[in-house]
Each structure stands twice: as C-alpha cells, then as structure tokens.
Amino acid sequence: MAEGEDMQTFTSIMDALVRISTSMKNMEKELLCPVCQEMYKQPLVLPCTHNVCQACAREVLGQQGYIGHGGDPSSEPTSPASTPSTRSPRLSRRTLPKPDRLDRLLKSGFGTYPGRKRGALHPQVIMFPCPACQGDVELGERGLAGLFRNLTLERVVERYRQSVSVGGAILCQLCKPPPLEATKGCTECRATFCNECFKLFHPWGTQKAQHEPTLPTLSFRPKGLMCPDHKEEVTHYCKTCQRLVCQLCRVRRTHSGHKITPVLSAYQALKDKLTKSLTYILGNQDTVQTQICELEEAVRHTEVSGQQAKEEVSQLVRGLGAVLEEKRASLLQAIEECQQERLARLSAQIQEHRSLLDGSGLVGYAQEVLKETDQPCFVQAAKQLHNRIARATEALQTFRPAASSSFRHCQLDVGREMKLLTELNFLRVPEAPVIDTQRTFAYDQIFLCWRLPPHSPPAWHYTVEFRRTDVPAQPGPTRWQRREEVRGTSALLENPDTGSVYVLRVRGCNKAGYGEYSEDVHLHTPPAPEIQKLARRGGACLQSQLLGRLRQ
C-alpha cells in the first residue's frame, strides 16, 4: 500500500513539473522582442502599450532617419567591463554616432533628420513604426527619451532565465580569461563580480566601498521607476493621460485639471482588475477549451467550404466557357453557310460571263444557228437562243456581282458582354432596406412597406421582425417575432395588441446570405374604443379599401 501511495505521489509531482515546464515554454513567446526575436533587454513601453528593446528601438529610429532621439545613453552599461566584446551581440552589430557628435546632439536637444531645419520653431514629432501593431506611434519631440522602462518585464525575463537556465551561469565581467562564476552584482557599477574582483574594484576606505552588493544578474535596473522628464521617482498616476507622473509633473500646466491619483491607488485598482480577470479565465478553462474546439471546427469547415466554393466557381466558369464554345460553333456555322451560298452565286455568274467570250460554246453555237437558211427551223432554234443571249447582254450592260464579298453583317458586338464579364464578381448580400414611412401605418392591422436602396443586390425574400416595446423587459436577450420568407416589399401583420407600441425592422436575403437590418420603425396602435368608434363611422370600409389599394 505504501509503495502505491509513493508511486502516486511521484506521478503527481512529475505531472506538476511537466505542467510547469510547459507553462514556462509557452510564456517564452511573451518575452521575445518583436524586432530582434530575442528576450527583452532594457525594454521600453511604447504609447501603444507594446514593448521593444531599447537597442532595437534606436536601430529602428536610425533606419527611419531620426538622429539623436534614441534615448539617454546613460541607460547603457557603463561598467568597467562594458566593452564591445562583452556587450550583447545585438549592440556590437550596430553603428552608433561618434561621441563628439552625439554630445552635440544631446546638448542641442534635437537632432537633424530629413525635413527638419536646425532651430525650427515647430520641432517635428517623432513617429515610431511599432512592429507589434503595425502602426505609427507618436513619441513626441523627445523620442525614446520620453518613454518609461518596463522594469516589471525585465524582472519576469530574469526570473524566466533563472528558471530554465537560459545562458548558463553568470560569469564575472572583470576576470581575466577564463572568467570565474559571478557571486555578486553592483547596481552602481552595473557589473557582476566574483569575490576577488568585487574586493578589487571596491577597495576599503573609498566611496565605492559603500556600494551594496546584490545577486548577479544580466540586467541592472534602477531601484525604482524614474520619470523620464525630471529623473524623479514616480509617485502618482494621471488617469486622463494614462501615464505615471512624478511630483514635478503634477504641477505642470499639461496636467492641470487632470484626474491624478496616488500610484498606490492605481496599483491596487489594476491589481484587483487583473486578478479578477485572471481568476475568471482560470475558472472557465472548460469554456476556453470548448471555444477552441469550436474554432478548430470552424477552421475545418472553412477549408471544406472554401474548397467547395472554388469548385463551384470553376464549374460555373466552365459552364460559361461551354456556352461560349457552343455559341462560337453556331456563329461559325452561320458564316460558313453564308459564305458557301455567296461562292455558289459568284461561281455561276463567272460561268455566265465566260460564255460571252469569243470562242465560247454559246457564241459559237449562235454563229452556227445564224447559218441556218430554213426559216421555220431557224425560228424554232433562235427563239430559245435569243432569250439566253438577251439575258447575257443585259447582265453585261448592268454588271454587278451577284453577291457581296463583305461580311460586315457578321461582326459581333460584345461590348455589353465584355462589361458583364468584367463586372463578374461574387454575389453580395442585399443592402439594408429603407422603410417607406409614407405607406407604413398601424391601425387594427399593421402594414409595413419598404424598398431596397439603388444599386443594391436583389433580394430573393425578406424577414420581418417585430416586438412590443411597452412591456416589461424579460431577462435574457430581446425576443423578436419573425415572419420568414416574405415575398414582395410589403407585409401585413394582423391582430396586433391595441394601445401598444411596436418596433419593426426588415432584412433581405439571397444566395449570399442575409443582409443588414433596416432602421427600426416605431408604430403605435390606437386603443380599442377608438377602433370601435371609427368602425361605426364607416372607417372599416375605408380601411379595407385602403388596404386593397396598398396590396395592389
């Protein structure tokens, strides 16, 4: 029994370790800079709430043509070990401005960049292309120097590195090769030391001896979050600007009239909101998994539906091609028949003219007939010959080809068809119908009339929805009554409640699906005594006539 309990305990511990390892691996993508795809190093918070490494942000601004707006250089390591060989590989690849030029730029307060003249009255606002949201973010005139450093994200990255042992042990930055493992860190010196190097660079009796050692780390941070404008510790939060401010910021004119609260209140409020949201998410893991399954099913259905849509389009286009091919064969056959008929007529005319040539059979035969001296015989033979000669003589005198050689009447006008094929596109859903308020009214019946906007795709049928608005609201979603598949552009709702307010709306449907709803229209039915009174006055007859006209 004890062995079974031990095995169960060991299994639960291993499962917990696997879950922790998986969670840490999944968290790694949250700690990667969107520019260099490496873990954040001195991340800055952009106005769009995304983060980016300070070195990467400088490089991006340099590529954009901004010079001298890369932030405060003092934020870079200035320890005795901050040589190009010991810095981050990303920094060693960058070409920074010369020190003398950088000093001039920082003293002047602004740099030179395209479109900016030195000493301009209206400095250009620095725009930063955020790689996360793919939008241009306004940094103001100071550029990166006006951004806060995300110390919390740095702490998370450091804890992650320690938990998964990224990069191995932290080595001393002052040792001669091979360096020893670091045992202490110094925030003021911004370097890590072994025991001997720490004593060497913090000799007894000097000011450096007052430095407090910390645990070794790869990223040195200030003790508190400092205001980038006044280098003072932030103590308040401006809700209007949604920005942390220091005591000097509070008295500035830019924050006059703003709602400013102590940072403790903002901390507690945001922590409660984040805790509540996280608790809700963790308590609805089954719902999340169900929604993931629905989304995966939607992905599969999208793939299948997309393939079916492709096949349908291909089939329709092939059908159009088959119709065009059939029409092409029909038109070519008509041209061929017309051509053969004309060729036959022209060939007969050619033969007829050839018979008029000297030496032809008809001329020779006529010459022989003229030699006949027997008068009755001559008359008998010459009568028929004379008709042929007369027709030939007339054709010679009024010569005209028996058929035209032009086929202009066989030219096709495909302008309309080409326009239709060019405009061939996917069917769109109908646009939102427009309620015709002049023909819509409520009495003992409700008559609703509408029309589609110009240039709207046609609707095969409509759905009319209506509900009462003068009844107490029921818990849950608002329930509409529907009339499905209404043909035409009008609907009659019989037996509504008297003395009530109804809201109605319409939407069209075709093969592409349902369109948008029309604007809601509110109609008030009269009370029952008014209906009876008007009925006694003959109003019912008038109403039936009006309804008959509207139905027509």
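Computed from heavy atoms alone, side chains included, the values below leave out hydrogens, waters and symmetry copies. A quick note: this is a predicted structure, and the numbers were derived from the prediction, not measured.
Counting heavy atoms of neighbouring residues, nucleotides and ligands inside a 6.0 Å radius, atom NE2 of His301 does not exceed 12 of them. In Gln438, the CD atom is not crowded: 12 or fewer heavy atoms of neighbouring residues, nucleotides or ligands sit closer than 6.0 Å. The local environment of OH in Tyr267 is sparse, with at most 12 non-hydrogen atoms from other residues, nucleotides or ligands closer than 6.0 Å. Enclosure of atom CD in Glu516 is not indicated, since only 12 or fewer non-hydrogen atoms of other residues, nucleotides or ligands lie within 6.0 angstrom.
Taking SG of Cys227 as the reference point, atom CD of Glu233 lies at 11.5 Å (rounded to 0.5 Å).
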Full working for salt bridge (Lys or Arg N to Asp or Glu O under 4.0 Å) between Glu297 and Arg300: CA-CA 5 Å; Glu297 181 63 26; Arg300 290 191 291 269; 2.6 Å; yes

Candidate pair Tyr40 and Asn51, rule side-chain contact (heavy atoms from CB on, under 4.5 Å), full reasoning: CA-CA 8 Å; Tyr40 287 106; Asn51 300 282; 3.8 Å; yes

Derivation and outcome, side-chain contact (heavy atoms from CB on, under 4.5 Å), residues Val503 and Phe466: CA-CA 6 Å; Val503 58; Phe466 59 96; over 6 Å; no

Verdict with supporting geometry, Arg483 and Tyr462, side-chain contact (heavy atoms from CB on, under 4.5 Å): CA-CA 8 Å; Arg483 289 275 301 274; Tyr462 297 89; over 6 Å; no

Asn150 vs Leu44, side-chain contact (heavy atoms from CB on, under 4.5 Å): CA-CA, chis, key distance, verdict: CA-CA 6 Å; Asn150 197 336; Leu44 300 176; over 6 Å; no

Verdict with supporting geometry, Tyr502 and His524, ring pair (Phe, Tyr, Trp, His ring centres under 6.0 Å): CA-CA 6 Å; Tyr502 282 84; His524 189 282; 9.5 Å; no

Derivation and outcome, side chain to side chain donor-acceptor pair (under 3.5 Å), residues Arg468 and Ser500: CA-CA 7 Å; Arg468 287 184 57 182; Ser500 303; 3.2 Å; yes

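For His255 and Arg250, the side-chain atoms include no donor-acceptor pair closer than 3.5 Å. Using modelled atom types, one finds no donor on one side chain facing an acceptor on the other under 3.5 Å when comparing Tyr237 with Gln242.
Residue pairs satisfying the side chain to side chain donor-acceptor pair (under 3.5 Å) criterion with at least one member in residues 273-290, sequence neighbours excluded, are absent.
For the side chain to side chain contact (heavy atoms under 4.5 Å, CB included) test with Ile126, the passing option among Leu144, Leu139, Val137 is Leu139; the others fail.
A salt bridge links Arg149 with Glu154: the closest approach of a Lys/Arg side-chain nitrogen to an acidic carboxylate oxygen falls below 4.0 angstrom.
The side-chain tip of Arg507 does not point at the ring of Trp450 from less than 6.0 angstrom away and within 45° of straight on.
Using cut-offs of 30° and 60° on the angle between ring planes, the pair Phe201 and Phe193 is tilted.
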